[in-house]
Amino acid sequence: MSEAGRARGRDASRWRPDGDVVERARDLLGRELRAHGVTVVLTEVEAYGGVEDPASHAYTRTPRSEIMYGPPARLYVYRSYGIHHCANIVTGPTEIAAAVLLRSGRVVDGLALARERRGDVPDVRLARGPGNLAQALGITLADLGTAVLAPDAPVRLGERVESPEIAVGPRVGVSRAADVPWRLWAAGDPTVSAYRRSPRAPA
DNA sequence: AACATGATTCGCT
DNA sequence: GCGAATCATGTTG
C-alpha cells in the first residue's frame, strides 16, 4: 500500500454495526482495535452470515454461538483447536446472528507487550492469523461479550486510520461454503495470513 | 458416555 | 507445500 493511500484513509466516523455483514467487514479494514495495552490496525477479516451461512458457528444455535444472537458490536470469542482464541465482532440485525472474524492486523502500539506475548517472531507476524491476533491483543474467553464501541471498553474498536486497497477471496479453512468470497484483506500487506483451503472442502 | 471435528499454528521437507 | 498436535465443543448413541 502507498503512503498516500494510508494518509488519505483517516476517517473519524464510527463503525456501524448493522447491515450487510460483508459491508460491515469491509468497514473494519484499516480501523484501529485496541485491547489490553496493544493496538493493531486491522488488515484481514472474514464475514460469517449467521443463520444463513453453513460455515458460521451461528448456523446452529448452541451455547457457544449464543452471543451472536444478541446485540451487535459485541465480541464473540471462541477456542480453536483447544488452544487458540479467535475473536469476532457481532453484526446486526440480531435475527441473522452474523459476525466478522478478525484475522490479522499490524501492531501500531504496545509493540513491546505484543512481542512479549508472541515470543520471538518478526513484527509482521505478531498479529498474523486469528489465533496470533488474539494472543498479541491478550484476548481470551474473559472478553466474551465486550461491547467494542464503548469508549472505556477493554477491547475497543476505533476510527479508520488507513484505507487500503481491498482484495477479496474465499475464507480460510472452512469446509462448507468453501468458495464463498467473504474474506477481505489489505492487498499486498505482509501482515495478512496465507490462504489455505480446508482439506475437507469439496474440490 | 463415546466419537468426530475443526473459522489454527508451527515445524519440517 | 504438508502433516501432526491437541482439546473444547458439538453430535450421536
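Basis for what follows: all heavy atoms, side chains included, without hydrogens, waters or symmetry-related copies. Quick note on labels: first sequence line is chain A, next is B, and so on, each numbered from 1.
The NE2-P distance, from His57(A) to dT11(C), rounds to 11 Å in whole Å. One interatomic measurement links the two molecules: CG of Asn132(A) to P of dG11(B), which rounds to 11 Å at whole-angstrom precision. One atom, CG of Leu141(A), and another, C1' of dC7(C), lie 13 Å apart when rounded to the nearest Å. Going from atom CD1 of Ile83(A) over to atom P of dA5(C) covers 12 Å, rounded to whole Å. Atom CG in Leu102(A) sits about 16 Å away from atom P in dA7(B), given to the nearest Å. The interatomic distance linking Arg79(A) (CZ) with dG10(C) (C1') rounds to 16 Å, in whole Å. Rounding to whole angstrom units, OH of residue Tyr59(A) and P of dG10(C) are separated by 17 Å. For the pair Tyr195(A) OH and dT9(B) C1', the computed distance is 17 Å after rounding to whole Å.
The residue Arg103(A) sits close only to the backbone: its heavy atoms come under 4.0 Å of sugar-phosphate atoms, none of a base. Among the atoms of the strands shown, only primed sugar atoms or phosphate atoms (P, OP1, OP2) are found under 4.0 Å from some heavy atom of Arg125(A). Within 4.0 Å (heavy atoms only), Thr60(A) reaches sugar-phosphate atoms of the nucleic acid but no base atom. Residue Arg176(A) is out of contact with every strand shown, counting any heavy-atom pair closer than 4.0 Å. Residue contacts for Ser175(A): at a heavy-atom cut-off of 4.0 Å it reaches the sugar-phosphate backbone alone, with no base atom in range.
Checking Gly131(A) against Ser198(A), the closest nucleotide of DNA chain B that is more toward the 5' end is the one next to Ser198(A). Positionally, the nearest nucleotide of DNA chain C for Arg196(A) lies more toward the 5' end than for the other of Arg61(A) and Arg196(A).
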>> Evaluate Asp179(A) against Arg197(A) for salt bridge (charged side-chain N to carboxylate O under 4.0 Å, His left out), listing each step before the verdict.
In response: CA-CA 9 Å; Asp179(A) 299 303; Arg197(A) 189 182 180 85; 3.0 Å; yes
>> Let's go through Asp109(A) and Arg34(A) carefully: what are the C-alpha distance in whole Å and the side-chain angles of both, what is the deciding distance for salt bridge (charged side-chain N to carboxylate O under 4.0 Å, His left out) to 0.1 Å, and is it a yes or a no?
In response: CA-CA 9 Å; Asp109(A) 192 48; Arg34(A) 180 165 186 82; 3.0 Å; yes
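Phosphate proximity of dG10(C) to Thr62(A): present, with a side-chain N or O under 4.0 Å from OP1 or OP2. The phosphate of dG6(B) (OP1 or OP2) has no side-chain N or O of Arg171(A) nearer than 4.0 angstrom. Applying the 4.0 Å criterion to OP1 and OP2 of dT9(B), one finds that His84(A) has every side-chain N and O outside that range.
For Asp143(A) and His85(A), the side-chain atoms include no donor-acceptor pair closer than 3.5 Å.
Both cation-pi conditions hold for Arg61(A) and Tyr69(A): the charged atom is under 6.0 angstrom from the six-membered ring centre and inside a 45 degree cone around its axis.
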